[in-house]
Amino acid sequence: MKKPAIRWSESPEDVASFRAALLAFYDVNGRDLPWRGSSDPYAILVSEIMAQQTRVETVVPYYHRWMERFPTVEVLARAPEDDVLKAWEGLGYYSRARNLHRAAKVVRESHGGRLPDTALGLRDLPGVGPYTAGAVASIAFARAEPAVDGNVRRVYARLFDEPAPSAQQVTRWASEVVDPGRPGDFNQSLMELGATVCTPRGPRCEVCPVATWCRARSAGTVEVRPQPKKRAAVRREVRQVAVLLRSAEVPEVWMTRRPSAGLLAGLWEFPSRLIDDIAESGDWMGEIARECGVGPAPEATGLPEVSHLFTHLHVTYLPVLLRVGSTDDRGPTDDRAIESRNDAAGGSRAGAPEVERWVPLHDLGGLAVPIAQQRIAQVTREACGEGNG
Ligand code: SF4
């Protein structure tokens with residue numbers, strides 16, 4: 001059977017009707033989100049970056065805190081990276097935070113503190129891809145640019161009944177139909193439709209404002225458009241984690257900083273090793289104990305395991321608690337331990353980045369700590385009878 005034609009490709013009036021139907025839907029059903037209605041390009045950029053791969057409900061409190069802490073590009077550009085990562089803590093995909101920070105520096109240094117006002121100009125900023133550039137250009141600067149995210153791609157795949165449309169194809173469709181009068185609202189109406197009506201499973205076609213344009217609905221193929229992607233296999237690893245707990249006036253734990261590139265770059269964690277490496281890594285706990293100045297490793301007590309799923313990696317953490325004595329026999333001071341580590345790494349003491357330190361167990365010293373590591377801290381607090389304190 002011949003597929004029904006997409007009517008807007010044949011009739012300008014139909015394009016106008018399609019746009020009007022979507023905008024009317026958005027005017028009535030658009031969710032009340034804190035960045036909607038804002039014309040501050042920086043605020044819109046922050047909301048768009050935060051909402052990538054993250055549910056809007058999760059983003060809202062982060063967005064409020066972020067805008068309070070970094071209300072302008074200038075403030076963000078001048079902030080230390082640790083503060084930026086701390087404000088992002090728990091949102092995941094931390095490269096987004098680092099790129100946003102770098103983008104703010106570029107805007108301050110090369111654009112006089114103002115975001116570029118075209119999609120092309122925005123694309124030059126770190127971490128800004130075609131979707132984000134189109135979204136910010138259309139919402140903040142009223143540019144008639146497409147903004148194709150996963151939701152929008154799904155809507156178009158169904159409207160055109162295409163099992164696997166390429167990014168270029170969807171962008172071309174979206175460019176043809178974006179409303180030149182209200183491009184930001186139009187793009188958001190498509191995102192909203194994808195998020196609330198044309199959902200991955202169980203789309204509500206009966207209330208869809210553009211159902212009459214939908215080929216997949218006519219063909220009965222909605223549930224298989226777009227074709228499901230093959231999921232990448234999830235890798236698994238098991239890590240032993242050393243929780244060195246120092247019984248100072250305030251109990252403290254020994255934390256190390258991850259390298260500045262790769263997964264969770266620059267965040268803080270408990271020292272750990274792959275369980276498969278235990279046979280080869282010798283007296284690993286003894287080494288750590290010496291490194292943080294507490295001498296031979298004390299007896300280890302097992303703590304409840306903690307699991308975490310990264311995008312394609314499932315990690316099981318097996319924490320062990322090593323109590324390392326009171327303030328009287330705790331070995332070198334923090335500074336000595338850190339300096340000796342910096343010397344060993346060949347760095348200068350002044351200005352060398354900290355890579356490890358003692359931090360209070362109850363709040364982890366305000367460091368940026370990934371969720372799984374926070375849960376390890378929590379099981380440690382529970383084992384010590386500190387609960388949430
Ligand atoms: Fe999506 Fe159904 Fe609307 Fe088509 S009719 S765009 S499948 S919600």
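Atoms within a ligand are numbered from 1 in the order they appear, just like the ligands themselves. Here the structure is a predicted model, which is why all the values come from computation and not from measurement.
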(request) Applying salt bridge (charged side-chain N to carboxylate O under 4.0 Å, His left out), name anything that partners Asp276, two or more places apart in sequence or on another chain. (result) none

(request) Could you pull out the closest heavy-atom pair between Pro209 and Leu193, with the gap in Å? (result) CD-CD1, 3.5 Å

(request) Please work out which of the three classes, parallel, tilted or perpendicular, describes the rings of Tyr156 and Trp173, given edges at 30° and 60°. (result) tilted

(request) Would you list the protein N, O or S atoms within less than 2.8 Å of atom 3 (Fe) of ligand 1, leaving out water? (result) Cys208 SG

(request) Would you confirm whether Thr380, through its side chain, and Ile376, through its main-chain N or O, come within 3.5 Å as a donor-acceptor pair? (result) yes

(request) Mind jotting down which residue pairs meet the ring-ring contact (aromatic ring centres under 6.0 Å, His included) criterion with at least one end in residues 293-325? Sequence neighbours excluded, please. (result) His308-Phe310

(message) Taking side chain to side chain donor-acceptor pair (under 3.5 Å) as the cut-off, I'd like each qualifying pair that reaches into residues 189-209, sequence neighbours left out, listed once.
(response) Arg31-Glu192, Arg36-Glu192

